[in-house]
Structure formats: C-alpha cells, structure tokens
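Below: the structure, in structure tokens.
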Amino acid sequence: MSQRPAFAPFHIGDDTPYHAYFTRGVVDEDVQRHHRIAHITGDPGYAAARERVEGARAALADAGLALVGEPRFGAGSEGWGRAATALLLDRHPDVDAVLCGSDQIARGVMDVLRERGHRVPEDVAVMGFDDWRVLTSASRPPLTSVDMNLEQVGRAAAHALFTAISGARRSGIETLPCRVVIRGSTVPLT
C-alpha cells in the first residue's frame, strides 16, 4: 500500500475584500462625517494584518479618501491599541475614525479616546475585527466589528479534513464570507 500525503486546505475568512466591510461599517454610514480615518493593526508578520491594511486603503480610495498617516503596526493587544492611539492623537488630533485590525486593539483605542475627552462615535468612530462577543458587547459603547464567521470556518475545515482522510485530494485556499456587525461605536444607536 503506497502512502500519499493528504492535503487539507486551510480555511480562512475572506480578509482580502476587507475594504467592503470597512466601507459599510465606517464610510457608508456617514460619508460626510468621516474623512480623517486612521488604521491601527497587529503584527506586520501576519498576512491578515497586511491584507487588512490593503483593504482599508482600497475602501478609502473607492470613497475618494486616504488613511491619515501611515498604518500603525504592532502587537494585537489592548495595550498596543492604547499606545498607538496616544501617538496617533499627538500627531493627528483631528482624526474622526479609527479602523482596527482586531477587537482587542479597538478596546485599547476606545480607552484612550475616552481618556482624552473624545466621544465614541460622536467625535471618533471605531471599528474592530473578529467580532469577539466578550469584547464587543462589553465595550462602551458596544463595538462595531467584522465577524469572520469562525463557526462556519471551523465546519468547513473539519469537512476538508474528513474529506482528506477519506482519500479525496484537494488543494488551494477556500475563502468564506465575512459580515460587518454594526454597533454603537460607529453610529449612535437609538
């Protein structure tokens, strides 16, 4: 019996058209208000962080806008969100929206905005990514975020694994759709 490697593709949510989610979550909600938009994200060593920046730039370009300053890359933590926001506000005090590469970063961003007297979303809108309910629902205000549909990703990955175990060969990367969940950090909810 010959041994052949079985390949189960890695399933991810679709980060590449991230710009569609940013556009819906921040730009489309109030185009007239948000035109000084910054991006704070995670480690540039991760493709997802780089792709999310590319997507944000594409969304803003589609709306005739550009990022305020360069994207800020760092650890994907609340601490990084706080540090990056302090630097951002020191250089660009008139920023009116911050797109974040994760919900953890977004929570740190909102902490510093609040400490410096900025109201979310009235003065500065904030959008996260991952839709970690424990973070999004406990945020003040609740955090708008991109839902990667990780439950669906897990099912698709398990199906691919079982298919590979049964001997069927597959290759490539399968992307699955994401969705934006609008909450109070981008638009006042009444």
Side-chain angles (χ1 to χ4, degrees), residues 6-30 34 37 39-63 71 73-78 80-81 97-110 120-121 125-166 168-187 189:
F7 177 75
F10 180 69
H11 292 262
I12 59 170
D14 196 357
D15 278 334
T16 305
Y18 187 37
H19 69 278
Y21 307 110
F22 273 152
T23 301
R24 180 164 175 242
V26 174
V27 178
D28 283 349
E29 293 300 326
D30 190 352
H34 301 299
I37 302 170
H39 188 71
I40 299 173
T41 193
D43 185 337
Y46 292 105
R50 294 188 311 273
E51 289 172 358
R52 290 172 187 182
V53 168
E54 291 168 16
R57 283 184 166 143
L60 295 174
D62 288 349
F73 288 96
S77 66
E78 287 185 43
W80 167 242
V98 182
L99 306 175
C100 303
S102 76
D103 295 339
Q104 288 178 295
I105 292 170
R107 288 272 301 256
V109 168
M110 291 197 306
V120 175
V126 178
M127 182 174 176
F129 201 100
D130 296 320
D131 199 34
W132 289 5
R133 302 281 160 75
V134 69
L135 295 176
T136 60
S137 62
S139 295
R140 293 175 315 171
L143 178 63
T144 293
S145 186
V146 175
D147 181 357
M148 295 287 289
N149 292 314
L150 294 178
E151 201 172 304
Q152 183 182 1
V153 170
R155 280 194 296 274
H159 176 72
L161 178 61
F162 289 128
T163 300
I165 290 170
S166 72
R169 296 175 64 87
R170 277 174 77 175
S171 63
I173 296 174
E174 180 179 337
T175 57
L176 299 170
C178 300
R179 67 185 180 97
V180 68
V181 181
I182 303 290
R183 295 190 183 92
S185 68
T186 53
V187 292
L189 300 176

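Numbers here are sequence positions counted from 1.
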Between Asp43 and Arg50, does the salt bridge (charged side-chain N to carboxylate O under 4.0 Å, His left out) criterion hold? Intermediate values first, please.
CA-CA 8 Å; Asp43 185 337; Arg50 294 188 311 273; over 6 Å; no
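- Residues Val120 and Arg140 are not in side-chain contact: their nearest non-hydrogen atoms beyond the backbone lie 4.5 Å or more apart.
- Side chain of His39 to backbone of Leu99: a donor-acceptor contact under 3.5 angstrom is found.
- For the atom pair CZ (Phe73) and CH2 (Trp80), the distance works out to 10.0 Å, reported to the nearest 0.5 Å.
- When every heavy atom of Cys100 is checked against every heavy atom of Ala106, the shortest pair comes out as SG-CA, 3.6 Å.
- The two residues Gly184 and Pro141 have their closest heavy-atom pair at O-CG, 3.5 Å.
- Met148 has its side chain within reach of Asp130: a pair of non-hydrogen atoms, C-beta onward, lies under 4.5 Å apart.
- One finds the CZ atom of Phe129 at 9.5 Å from the OG1 atom of Thr41 (value rounded to the nearest 0.5 Å).
- Rounding to the nearest 0.5 Å places OG of Ser185 at 5.5 Å from CE of Met110.
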Step by step, would you call Ile182 with Val187 a side-chain contact (heavy atoms from CB on, under 4.5 Å)?
CA-CA 8 Å; Ile182 303 290; Val187 292; 3.6 Å; yes
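- We find the OG1-CG distance between Thr186 and Leu143 to be 8.5 Å, quoted to the nearest 0.5 Å.
- The CZ atom of Arg52 lies 16.0 Å from the CZ atom of Arg57; values are rounded to the nearest 0.5 Å.
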Apply the test side-chain contact (heavy atoms from CB on, under 4.5 Å) to residues Gln104 and Ser77: give CA-CA distance (whole Å), side-chain angles for both, the deciding distance (0.1 Å), then the verdict.
CA-CA 5 Å; Gln104 288 178 295; Ser77 66; 5.6 Å; no
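- To the nearest 0.5 angstrom, Ser102 atom OG is 12.5 Å from Asp131 atom CG.
- When each of Ile105, Asp103, Leu135 is tested with Glu78 by the rule side-chain contact (heavy atoms from CB on, under 4.5 Å), just one qualifies, namely Leu135.
- A distance-only check finds no donor-acceptor pair linking the side chain of Asp147 to the backbone of Arg179 [under 3.5 Å].
- Between the side chain of Thr144 and the main chain of Arg183, a donor-acceptor pair closer than 3.5 Å is present.
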